[in-house]
Amino acid sequence: MGAASAILLVLITLLLPPLGVYAVAGCGIDMFINICLTILGYVPGHVHAFYLEYVYYDRREQAREGRFTASRAPGIYSERVQAGGNGYGTIVQPIR
């Protein structure tokens, strides 16, 4: 299901970048920045949205593998994206 949701998110982001950011980061400063970038130019909005999605899925995968880094990704203000969704019930912790 992870690959299917990522593909659906990419398709949504191609059509409307702020909607893709909302799906990953929620309603916050990252979405406001993306709306401004999309108004200023459609391409900067896409770049920002895909960057947020990349960081989100990369951090999520790192957390699943148990190798999550504590450093913050630059330019991202959403704690949900920084943690890869951890803490929101999206990651099941492996039993060891």
query: What pairs of residues pass the side-chain hydrogen bond (donor to acceptor under 3.5 Å, both in side chains) test when at least one of them lies in residues 23-37, not counting sequence neighbours?
result: Asn34-Thr38, Asn34-His48
field: Tyr57 side, atom OH; Gln62 side, atom CD - distance, nearest 0.5 Å
entry: 15.0 Å
- prompt: If every non-hydrogen atom of Tyr51 is compared with every non-hydrogen atom of Ala73, which pair is closest and at what distance?
  reply: OH-CB, 4.0 Å
message: Taking side chain to side chain contact (heavy atoms under 4.5 Å, CB included) as the definition, give me every residue that meets it alongside Tyr22, ordered by chain and number, with sequence neighbours left out.
response: Cys27, Met31
message: Using a 4.5 Å cut-off between side-chain heavy atoms of Ile, Leu, Val, Met, Phe, Trp and Tyr, which other residues end up in the same hydrophobic cluster as Val43?
response: Val47
- prompt: Taking all atoms of both residues into account, what is the closest heavy-atom pair of Arg72 and Gln82, and its distance?
  reply: CA-OE1, 3.4 Å
- prompt: Do Phe50 and Leu52 belong to the same hydrophobic cluster, where Ile, Leu, Val, Met, Phe, Trp and Tyr are linked whenever their side-chain heavy atoms lie under 4.5 Å apart, directly or via other members?
  reply: no
Leu8 with Val24, same ILVMFWY side-chain cluster at under 4.5 Å: no
- line: Under a side-chain separation threshold of 4.5 Å, the hydrophobic residues clustered together with Leu37 are Ile29, Phe32, Ile33, Tyr77
query: Would Tyr56 and Ile76 satisfy side-chain contact (heavy atoms from CB on, under 4.5 Å), going step by step from the backbone distance to the final call?
result: CA-CA 10 Å; Tyr56 175 78; Ile76 297 177; over 6 Å; no
Indicate every side-chain donor-acceptor pair of residues 11-18 with a distance under 3.5 Å to a residue at least two apart or in another chain.
from	atom 1	to	atom 2	distance (Å)
Thr13	OG1	Leu9	O	2.8
Thr13	OG1	Glu53	OE2	2.4

